[in-house]
Amino acid sequence: MSSVSEYDDDEYMYEDDSDFDNSMSDNNKKESEDYEHEEGLFSEKRQRKTYEVDHQVLDSNNLKAKQDTEISQVSMILGLSPEDAATLLRYFRWNKEKLFEQYMDSSEKVLQQAGVSSATTNRCFKLATELNNFMCDICCDDSPDIETICLSCEHRFYEKTVELLVDDVTYSKYRELLNRTFVDDNDFLRWCPAPDCEYAIECNIPSTSLTSVVPSVECKCSLRFCFGCGLDDHQPCICVLVKKWLKKCKDDSETANWISAHTKECPKCHSTIEKNGGCNHMTCRKCRYEFCWVCMGPWSEHGTSWYNCNRFDEKSSAEARDSQTQSRVSLERYLHYYNRYANHEHSAKLDQELYQKTEKKMEEMQQTSDLSWIEVQFLKKAVDVTVQCRTTLKWTYAFAFYLAKTNETELFEDNQRDLEMATEQLSELLEKPLDPDPEKIAKLRQAVLDKTVYVKLRREILLEDTAKGLQEGRWSYFIDLK
């Protein structure tokens with residue numbers, strides 16, 4: 001473990017950090033700003049992993065600049081005014097390739113279909129320009145060199161009317177509407193789904209590639225979501241399986257309600273036990289029996305080679321194929337995966353409560369040891385990693401439910417098991433009460449750091465192998481993806 005820590009500790013300390021505590025002192029904020037500056041420099045050097053996709057976060061100014069660039073290119077290539085180029089691009093939903101192809105075939109037809117023509121391409125307009133004393137009916141400008149636009153019905157107007165006649169606030173709203181249509185019409189742009197977020201994400205992943213890649217992106221507001229379907233990040237499960245899984249869970253809502261209950265009986269004394277934390281290591285208060293909340297087996301097996309909590313017993317399923325219990329086994333198989341899916345989802349929500357407890361622990365650590373604010377950030381980061389891994393594990397079970405049983409599936413489940421074991425161990429460390437002894441605090445810090453690095457590594461291994469398998473077509477499913 002120490003060798004892993006020595007190798008990855010710097011990478012861990014430079015990991016992305018979101019706002020945590022608005023009540024930090026000025027000194028703590030200054031330390032955080034310095035820390036974030038260093039981490040930004042480090043992230044630029046990191047090589048992109050297989051399961052990551054290139055993407056860019058755009059604000060309103062970026063969006064306007066992209067539109068202006070597209071308009072300028074079309075205007076130059078086709079020899080049209082910027083206003084005409086903009087109209088054509090919006091008509092073709094900003095698909096330049098389609099615009100160029102159809103324009104080259106029949107420019108007059110394209111201009112007519114778009115509903116606007118310029119003086120260089122429209123005969124009706126050329127005839128109209130021969131008239132003397134033209135005055136714009138909207139802005140009353142009668143300058144001889146005025147640039148006008150002619151609709152197919154031969155009505156002319158001055159294109160810059162909106163900017164000239166409205167106030168700055170109204171024009172800003174007009175620009176915002178143009179930005180919205182630009183993003184909504186572009187296949188490679190998507191608005192961040194976070195409430196009140198005004199950023200858009202650009203990601204050049206076509207919809208035809210969504211069976212071989214999970215395009216998870218991150219906005220500047222820190223929300224991670226799937227660019228393909230717009231849902232929250234669901235790596236490593238591809239969009240089509242996510243859609244099928246969510247529909248299945250909704251259709252089986254009564255069963256889902258039953259298995260997602262928050263209480264179970266102790267396997268030994270049958271006392272009712274309520275899960276009140278993210279960790280799945282349960283101890284019965286009555287008989288002190290230690291067991292796993294997920295599989296209800298003894299906890300002593302959940303750190304050894306006997307750990308098999310994540311696998312479904314396909315043998316019993318095969319034996320039931322020739323019996324009347326086939327439908328029951330099919331239900332049990334679904335419950336096996338859904339139970340673990342729902343448990344990690346529930347545990348992630350419970351782990352969110354750890355943030356408040358962790359903040360108090362961080363303050364206590366500063367008071368009882370010589371650790372600085374930055375040095376106690378390891379606790380908050382460990383919670384971040386735990387919640388992130390819970391989300392990843394949740395979707396591994398949805399993915400595994402649809403996988404056909406192959407040797408590749410065995411390897412996937414091995415990686416799933418290793419990540420799950422490591423996540424449980426880290427979760428258990430985080431829920432331990434803080435001992436004020438400085439020596440024990442130092443040991444706890446090192447233990448949490450080591451385990452956090454290891455958990456991150458296990459998650460990367462799982463996502464990396466799954467992403468490569470998607471790209472190489474290694475995964476087989478028992479359903480049709482179409």
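Only heavy atoms go into these numbers, but all of them, side chains included; no hydrogens, no water, no symmetry mates. None of these values were measured; they are calculated from a predicted model.
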Residue D105 excluded, over 12 heavy atoms near CG under 6.0 Å
yes
Under the ring pair (Phe, Tyr, Trp, His ring centres under 6.0 Å) test, residues paired with F92 that sit two or more places apart:
none
Positive for side-chain contact (heavy atoms from CB on, under 4.5 Å) with V387, one of V385, D384, V383:
V383
Hits for side-chain contact (heavy atoms from CB on, under 4.5 Å) against K173, two or more places apart or cross-chain, chain-then-number order -> V169
Suppose we screen for ring pair (Phe, Tyr, Trp, His ring centres under 6.0 Å). Which residues come up paired with H281, at least two apart in sequence or across chains?
W299
With sequence neighbours left out, write down each residue that passes side-chain contact (heavy atoms from CB on, under 4.5 Å) with L481, or none if nothing qualifies.
T211, I238, V240, L241, Y477
For the backbone of I71 and the side chain of S75, can you confirm whether one donor and one acceptor N or O come within less than 3.5 Å of each other?
no
Name all residues meeting the side chain to side chain donor-acceptor pair (under 3.5 Å) criterion together with K64; count only those two or more places apart in sequence or in a different chain, and write none if there are none.
D68
Just jot down the side-chain contact (heavy atoms from CB on, under 4.5 Å) partners of E345, sequence neighbours excluded, or say none.
Y341, K349, K394
When the ring planes of Y337 and Y397 are compared, do they come out parallel, tilted or perpendicular, using 30° and 60° as the limits?
tilted
Result block: side-chain N/O donor-acceptor pairs under 3.5 angstrom for residues 188-206, not counting sequence neighbours:
unit_1: R190; atom_1: NE; unit_2: F227; atom_2: O; d: 2.8
unit_1: R190; atom_1: NH2; unit_2: F227; atom_2: O; d: 3.3
unit_1: R190; atom_1: NH2; unit_2: G228; atom_2: O; d: 3.2
unit_1: W191; atom_1: NE1; unit_2: D184; atom_2: OD1; d: 3.3
unit_1: E202; atom_1: OE2; unit_2: K66; atom_2: NZ; d: 3.1

Under the side-chain contact (heavy atoms from CB on, under 4.5 Å) rule, collect the residues that match up with N95, sequence neighbours excluded.
E97, K98
Could you pull out all residues at least two apart from K96 that satisfy salt bridge (charged side-chain N to carboxylate O under 4.0 Å, His left out)?
E70
Residue pairs, two or more places apart or on separate chains, that pass salt bridge (Lys or Arg N to Asp or Glu O under 4.0 Å) and touch residues 465-475
E408-R474, D465-R474, E472-R474
For residues 222-243, the salt bridge (Lys or Arg N to Asp or Glu O under 4.0 Å) pairs (sequence neighbours left out) are E218-R224, R224-D233
Which residues pass the salt bridge (charged side-chain N to carboxylate O under 4.0 Å, His left out) test with R458, sequence neighbours left out?
D418
